[in-house]
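This chain uses plain numbering: 1 for the first residue, then up along the sequence.
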Amino acid sequence: MIAVLKSGVTKAQREKLTQWIESQNVRVHVSEGEFQTIIGLIGDTSRIDMDLLSSLEIVEKVSRVSEPFKSASRRFHPDDTVVEVGEGENKVKIGGGNFCMIAGPCSVESEEQIITVAKAVKAAGARMLRGGAFKPRTSPYDFQGLRGEGLELLFKARKATGLPIVTEIMNAAHLDMFADVDIIQVGARNMQNFELLKELGRSKKPILLKRGLAATLKEFLMSAEYILAEGNPNVMLCERGIRSFDTYTRNVLDLASVPMLHELSHLPVVVDPSHATGVARLVKPMACAATVSGADALIIEVHNNPTCALCDGAQSLTPEQFAEVAERVNELRTLITR
């Protein structure tokens with residue numbers, strides 16, 4: 001249920017109303033937009049008298065929200081959420097018309113590798129650095145990442161370049177190790193690890209939530225709801241492809257999800273063309289298509305020597321190839337934002 005307040009309502013009036021709603025054992029989510037304030041009622045609202053609420057002097061209208069993802073719903077929060085990370089000249093905004101490119105290797109392999117790539121992608125226009133310290137792999141015999149050492153190397157790369165870092169968490173027990181990480185990524189395999197999502201919701205850290213291999217958009221948004229429901233508003237949705245019967249590409253990049261997610265939710269939408277295709281030569285056209293589809297950010301794998309990469313070399317671009325992609329994406333952004 002949502003209550004749209006009339007313009008000119010004072011803070012004291014709003015707080016009095018929210019206190020009354022909370023006394024009915026219902027949680028409250030307040031969204032202050034440029035032109036209106038919306039109070040979202042979360043929980044069992046069956047005991048709330050809609051007619052009584054509508055009759056209040058400060059309330060313009062009341063309606064029920066049918067979607068189960070209340071906090072993620074655009075009806076609860078009409079204005080786009082803007083996630084901010086970094087400081088000073090390295091401050092980055094995602095969402096609400098703000099676009100950025102995130103780039104870096106699938107996994108952190110050495111200090112020289114991660115710093116070399118970080119400097120290269122920054123020079124090409126990337127605003128954030130991605131890199132895996134903990135790597136979930138299908139086979140237990142594959143490279144699993146440098147773990148804590150990998151995080152330390154990411155911190156060194158951030159110090160060398162100023163780029164905020166994005167890296168994946170595997171276990172809630174590792175949260176203390178991620179205290180200095182700018183954006184915590186939840187991988188596709190953990191999209192429905194609900195206990196992890198709850199802990200991340202309590203952390204208040206910006207979260208990049210990747211869509212599961214076979215998840216519907218409803219399931220995807222319900223996973224985001226777990227984080228939002230714990231009080232963390234800084235969530236980004238990442239479309240990274242879904243499983244199909246085809247074998248020519250790693251996954252199928254669901255570009256229709258980008259405008260659909262924007263319609264359903266206020267959260268920023270990020271697209272990962274690297275994991276979606278699994279083929280380096282397909283990253284550029286899919287990055288361009290995602291840009292035109294309305295993505296708020298792109299996250300792309302870049303390695304200084306893809307043929308020798310310990311993880312996902314086949315889908316990784318060289319720094320030179322990434323520079324070409326970034327140039328083309330910026331050209332498209334100029335056209336679609338006119």
(message) Quick one: does any side-chain atom of Ser71 pair with a main-chain N or O of Glu225 as donor and acceptor, under 3.5 Å?
(response)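 Pair absent, no side-chain N/O of Ser71 close to backbone of Glu225.
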(message) Checking the side chain of Gln113 only, and the main-chain atoms of Ser107 only, is there a donor and an acceptor separated by less than 3.5 Å?
(response) yes
(request) Output, in order, the C-alpha distance, side-chain angles, deciding distance and verdict of salt bridge (Lys or Arg N to Asp or Glu O under 4.0 Å) for Glu84 and Lys91. (result) CA-CA 7 Å; Glu84 300 183 12; Lys91 187 173 184 178; 3.0 Å; yes
(message) Do Val59 and Ile39 have side chains that approach each other closer than 4.5 Å (heavy atoms only, starting at C-beta)?
(response) no
(request) Answer whether the closest heavy-atom distance between the side chains of Arg147 and His174 falls below 4.5 Å. (result)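 When only atoms from C-beta onward are counted, His174 and Arg147 do touch, with a gap below 4.5 Å.
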(message) With side-chain contact (heavy atoms from CB on, under 4.5 Å) as the criterion, how do Met260 and Asp254 come out once you've worked through the C-alpha distance, each side chain's angles and the decisive distance to 0.1 Å?
(response) CA-CA 10 Å; Met260 193 75 251; Asp254 182 8; over 6 Å; no
Over all atoms of both residues, closest heavy-atom pair of [X] and [Y]:
| X | Y | value |
| --- | --- | --- |
| Ala295 | Leu298 | CB-CD2, 4.5 Å |
| Arg130 | Cys106 | NH2-O, 3.3 Å |
| Ser274 | Glu301 | OG-N, 3.0 Å |
| Leu163 | Met128 | CD2-N, 4.1 Å |
| Val121 | Phe322 | O-CE2, 3.8 Å |
| Gly95 | Val82 | O-CG2, 3.5 Å |

(request) Please test Asp182 against Arg158 for salt bridge (Lys or Arg N to Asp or Glu O under 4.0 Å), starting from the C-alpha separation and ending with a verdict. (result) CA-CA 10 Å; Asp182 298 289; Arg158 179 176 60 191; 2.9 Å; yes
Are [Y] and [X] linked, directly or through intermediate hydrophobic residues, by side-chain heavy-atom contacts shorter than 4.5 Å (ILVMFWY only)?
| X | Y | value |
| --- | --- | --- |
| Val62 | Leu17 | yes |
| Ile114 | Val181 | yes |
| Ile183 | Leu129 | no |
| Leu253 | Val279 | no |
| Leu221 | Val270 | no |

(request) Show your working on side-chain contact (heavy atoms from CB on, under 4.5 Å) between Ser63 and Arg75 and close with a plain yes or no. (result) CA-CA 10 Å; Ser63 60; Arg75 292 190 68 188; 3.0 Å; yes
Taking everything shown except [X] itself, do over 12 heavy atoms lie less than 6.0 Å from its [atom1]?
| X | atom1 | result |
| --- | --- | --- |
| Arg243 | CZ | no |
| Lys204 | NZ | yes |
| Glu219 | CD | yes |

Just how far is it from atom [atom1] of [X] to atom [atom2] of [Y], taken to the nearest 0.5 Å?
| X | Y | atom1 | atom2 | value |
| --- | --- | --- | --- | --- |
| Leu264 | Phe69 | CG | CZ | 5.0 Å |
| Gln185 | Leu209 | CD | CG | 9.5 Å |
| Asp180 | Glu152 | CG | CD | 8.5 Å |

Atom pairs and distances, side-chain donor-acceptor, residues 19-31, under 3.5 Å, sequence neighbours left out:
unit_1: Ser23; atom_1: OG; unit_2: Trp20; atom_2: O; d: 2.4

(request) Please test Arg328 against Thr291 for side chain to side chain donor-acceptor pair (under 3.5 Å), starting from the C-alpha separation and ending with a verdict. (result) CA-CA 10 Å; Arg328 183 58 177 154; Thr291 301; over 6 Å; no
(message) Quick one, His275 with Lys210, criterion side-chain contact (heavy atoms from CB on, under 4.5 Å). Give me CA distance, side-chain angles, the key distance, then yes/no.
(response) CA-CA 11 Å; His275 278 89; Lys210 287 200 164 186; 3.6 Å; yes
(request) Go through Arg250 and Asp312 one step at a time and tell me if the salt bridge (Lys or Arg N to Asp or Glu O under 4.0 Å) criterion holds. (result) CA-CA 11 Å; Arg250 182 173 181 174; Asp312 287 347; 3.3 Å; yes
(request) Kindly write out the residues that satisfy side-chain contact (heavy atoms from CB on, under 4.5 Å) with Ala280, not counting sequence neighbours, or none if the list is empty. (result) Leu317
Let me have the donor-acceptor pairs involving side chains of residues 229-241, under 3.5 Å, with sequence neighbours excluded, atom names and distances please.
unit_1: Glu230; atom_1: OE1; unit_2: Arg202; atom_2: NE; d: 3.4
unit_1: Asn232; atom_1: OD1; unit_2: Asn234; atom_2: N; d: 3.0
unit_1: Asn232; atom_1: ND2; unit_2: Leu200; atom_2: O; d: 3.2
unit_1: Asn232; atom_1: ND2; unit_2: Lys205; atom_2: O; d: 2.7
unit_1: Glu239; atom_1: OE1; unit_2: Arg211; atom_2: NH1; d: 2.7
unit_1: Glu239; atom_1: OE1; unit_2: Ser257; atom_2: OG; d: 3.0
unit_1: Glu239; atom_1: OE2; unit_2: Gly241; atom_2: N; d: 2.8

